Q: 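Structure below; questions to follow.
Along the sequence shown, residues are numbered consecutively beginning with 1. Keep in mind that what you see is a predicted model, and the values were worked out from it rather than measured.
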Amino acid sequence: MIGGAVVEALQKFVPQENIHLQEPMAGHTTFRIGGPADCLLELENEEQLKKLCRYLEMTGMPFFVLGNGSNLLVNDAGYRGIVLEIGQKMSGILVQGKRIVAKAGATLAQVARAAMEHGLTGLEFASGIPGTVGGGVVMNAGAYGGEMSQVVTQVNVVSREGELLELDNETMEFGYRTSVIRKSSFIVTEVTFSLNEGDRSVIKAKMEELAMRRREKQPLEYPSAGSTFKRPEGHFAGQLIMEAGLKGFRIGGAQVSEKHCGFVINVGNAASEDVSGVIREVQRCVKERFRVELEPEVVFLGW
């Protein structure tokens, strides 16, 4: 629990209306699952983040950085710590020629649309990814042959000590669903994209085509965290899960999607334990049958 003294201290860094005690996390994740966090802070700028990082580092209080919650499973018991939400209050987008500078809380869909509207190509692949720019950079988000490493030139981050740093593409050490930030304590605040000039109508048509493919192949009608597992080397997770006979496998309100076996979906008031139970059983069965370890893409908070 967060005491009055801590709340008083937090009010020095963020406005009182941005401080939410015992905040239900189900409203902040695309799974629509999760108990209360002790405290959730809506951040508005880098200065607030820098000051908070120094305070949290000094006090040793546990904290978690949240974007759109599109890759997150929060325990129904909640999270005993502070959640720093970098979302719509920190989501500005600036187009400068063939560059786009986006705050970390902007969604990838918003940035892809801004690129399209200015006749810039290179971000079409990101138009249907439900995460934020910050989260997308951290995990090198990708789809349909494109990924963040191909278009990102600079990433501004804040360290746990409250220092603002600039990382270039090489320093980011992008890999499959990873980057240097996954292995460090940095928090993304702003990302610069370098794109190419293109025909707006062609770009729009490509985005519409990809959106149609997503609707046809993915269970977008249900809450989920997107692809549940990373792609194992030499395999496709969804195919392995289907061949293991787990299509439609269900525990409580959580189910392996019948439309795409790579997705675990919330088909109705799923508990966090339902989802984690399905994930564990899928991992067990696939390892038993194919000797392949499936690694979740989903981040577990409060476990």
Q: Backbone N or O of Phe229 within a donor-acceptor pair of the Ser227 side chain at under 3.5 Å?
A: no
Q: When you compare the side chain of Glu273 with that of Trp303, does any pair of heavy atoms fall below 4.5 Å?
A: yes
Q: State yes or no: do Val7 and Phe63 share one hydrophobic cluster built from I, L, V, M, F, W and Y residues joined by side-chain heavy-atom distances below 4.5 Å, directly or via other members?
A: yes
Q: From Gln218 CD over to Phe263 CZ, what is the distance, rounded to the nearest 0.5 angstrom?
A: 3.5 Å
Q: Less than 4.5 Å apart, side chain to side chain, heavy atoms only: is that true for Phe174 and Val137?
A: yes
Q: Can a side-chain donor-acceptor contact be found between Ser179 and Asn140 if the only test is distance below 3.5 angstrom?
A: no
Q: Where does the angle between the aromatic ring planes of Tyr79 and Phe64 fall among parallel (under 30°), tilted (30 to 60°) and perpendicular (over 60°)?
A: perpendicular
Q: Can you tell whether the side chains of Arg160 and Glu57 come within less than 4.0 Å, N to carboxylate O?
A: no
Q: Is a donor on one side and an acceptor on the other found under 3.5 Å between the side chain of Thr153 and the backbone of Thr192?
A: yes
Q: Among Ile82, Ile2, Val6, which one satisfies side chain to side chain contact (heavy atoms under 4.5 Å, CB included) with Asp38?
A: Ile2
Q: Supply the atom-to-atom distance Lys51 NZ to Leu43 CG, rounded to the nearest 0.5 angstrom.
A: 12.5 Å
Q: Could you report the tightest heavy-atom contact between Cys285 and Leu246, atom names first, then the distance?
A: CB-CD1, 3.7 Å
Q: Between Glu293 and Lys287, what is the shortest heavy-atom contact and its length?
A: OE2-NZ, 2.9 Å
Q: If you define the side chain from C-beta out and look only at heavy atoms, does anything of Leu10 sit under 4.5 Å from Tyr55?
A: yes
Q: With side-chain contact (heavy atoms from CB on, under 4.5 Å) as the test, would you mind laying out the steps for Glu46 and Asn156 before giving the verdict?
A: CA-CA 10 Å; Glu46 287 174 344; Asn156 289 6; 4.2 Å; yes
Q: Once rounded to the nearest 0.5 Å, what's the spacing between atom CD of Gln48 and atom CE of Met90?
A: 8.5 Å
Q: For the CG atom of Leu165 and the CD1 atom of Ile187, what is their distance to the nearest 0.5 Å?
A: 11.5 Å
Q: Is it the case that more than 12 heavy atoms not belonging to Lys204 sit under 6.0 Å from its NZ atom?
A: no
Q: Using the test side chain to side chain donor-acceptor pair (under 3.5 Å), find all partners of Asn18 that sit at least two apart in sequence or belong to another chain.
A: Glu44
Q: Any side-chain heavy atom of Thr189 sitting closer than 4.5 Å to one from Val157?
A: no
Q: Does Ile241 reach the side chain of Phe249, with side-chain heavy atoms less than 4.5 Å apart?
A: no
Q: Show, in sequence, the C-alpha distance, side-chain angles and deciding distance for Arg200 and Met116, and conclude whether the side-chain contact (heavy atoms from CB on, under 4.5 Å) test is met.
A: CA-CA 6 Å; Arg200 178 175 169 176; Met116 180 271 291; 3.9 Å; yes
Q: Going by an N to O cut-off under 4.0 Å, is there a salt bridge joining Lys230 and Glu297?
A: no
Q: Has Arg113 got more than 12 heavy atoms of other residues, nucleotides or ligands less than 6.0 Å from its CZ?
A: no
Q: Under a 3.5 Å distance rule, please check whether His260 uses its side chain to pair with a backbone N or O of Gly262 as donor and acceptor.
A: yes
Q: Taking a hydrophobic cluster as the set of Ile, Leu, Val, Met, Phe, Trp and Tyr residues connected by side-chain heavy atoms closer than 4.5 Å, whether directly or through intermediates, do Leu66 and Ile129 fall within one such cluster?
A: no
Q: Is the count of non-hydrogen atoms from other residues, nucleotides or ligands lying under 6.0 Å from Glu170 atom CD greater than 12?
A: no
Q: Output yes when a side-chain donor or acceptor of Asn68 lies under 3.5 Å from a complementary backbone atom of Thr132, and no otherwise.
A: no
Q: When you measure from the side chain of Arg54 to the backbone of Leu56, do you find a donor-acceptor pair of N or O atoms at a distance under 3.5 Å?
A: no
Q: Taking all atoms of both residues into account, what is the closest heavy-atom pair of Asn266 and Phe31, and its distance?
A: ND2-O, 3.0 Å
Q: Counting only heavy atoms not in Gln16 (residues, nucleotides, ligands), do more than 12 fall under 6.0 Å from its CD?
A: no
Q: Determine, using the 4.5 Å side-chain heavy-atom cutoff (strictly less than), whether Val151 and Leu210 are members of one ILVMFWY cluster.
A: no
Q: Surrounding CZ of Phe236 (heavy atoms of other residues, nucleotides or ligands, distance under 6.0 Å), is the total greater than 12?
A: no
Q: Near Gln11 CD, under 6.0 Å, is it more than 12 heavy atoms from other residues, nucleotides or ligands?
A: yes
Q: Taking all non-hydrogen atoms of both residues, which atom of Leu108 and which atom of Val133 are closest, and how far apart?
A: CD2-CA, 4.0 Å
Q: Give a yes or no on whether a salt bridge exists between Glu288 and Arg284, defined as a side-chain N under 4.0 angstrom from a carboxylate O.
A: yes
Q: Using side-chain contact (heavy atoms from CB on, under 4.5 Å), reason through His28 and Leu72 one step at a time and then give a plain yes or no.
A: CA-CA 9 Å; His28 297 272; Leu72 184 65; over 6 Å; no
Q: Taking the side chain as every heavy atom from C-beta outward, state whether Ile181 and Val155 have any pair of such atoms under 4.5 Å apart.
A: yes
Q: Is the backbone N or O of Glu243 less than 3.5 Å from a side-chain atom of Arg289, with the two atoms forming a donor-acceptor pair by type?
A: yes
Q: Please say yes or no: joined through hydrophobic side-chain contacts below 4.5 Å, possibly via intermediate residues, are Met61 and Val158 part of one cluster?
A: yes
Q: Spell out, as yes or no, whether a donor-acceptor pair under 3.5 Å connects the side chain of Tyr176 to the backbone of Arg231.
A: yes
Q: So do the side chains of Pro223 and Thr30 get within less than 4.5 Å of each other, counting heavy atoms only?
A: no
Q: One thing to verify: whether Glu216 and Arg213 come together as a salt bridge, which I'm taking to mean a side-chain N less than 4.0 angstrom from a carboxylate O.
A: no
Q: I need the Lys50 NZ to Glu47 CD distance, nearest 0.5 Å.
A: 4.0 Å
Q: Quick check against the 3.5 Å criterion: does Arg32 have a side-chain atom that pairs as donor or acceptor with the backbone of Asn269?
A: no
Q: Are Ile86 and Val111 connected, step by step, through hydrophobic side chains (Ile, Leu, Val, Met, Phe, Trp, Tyr) whose heavy atoms are closer than 4.5 Å?
A: no
Q: Step by step, work out the side chain to side chain donor-acceptor pair (under 3.5 Å) result for Thr121 and Asn196.
A: CA-CA 5 Å; Thr121 182; Asn196 295 308; over 6 Å; no
Q: If I compare all heavy atoms of Ser127 with all of Met207, which pair ends up nearest, and what's the gap?
A: CB-CE, 3.7 Å
Q: Looking at every heavy atom in both Phe125 and Arg214, which two are closest together, and how far apart are they?
A: O-NH2, 3.9 Å
Q: Between Leu120 and Lys98, does a side-chain contact (heavy atoms from CB on, under 4.5 Å) hold up when you go through it step by step?
A: CA-CA 7 Å; Leu120 297 175; Lys98 292 188 285 186; 4.1 Å; yes
Q: Taking atom CG as the centre, does Asp168 end up with more than 12 heavy-atom neighbours from other residues, nucleotides or ligands that are less than 6.0 angstrom away?
A: yes
Q: Does one side chain, of Glu85 or His20, offer a donor that lies under 3.5 Å from an acceptor on the other?
A: no
Q: Does Lys183 have more than 12 heavy atoms from other residues, nucleotides or ligands lying within 6.0 Å of its NZ?
A: yes
Q: CD1/Ile93 to CD/Gln110 distance, rounded to the nearest 0.5 angstrom?
A: 5.0 Å
Q: Is Glu124 close to Tyr144 at the side-chain level, that is, under 4.5 Å between some pair of heavy atoms?
A: no
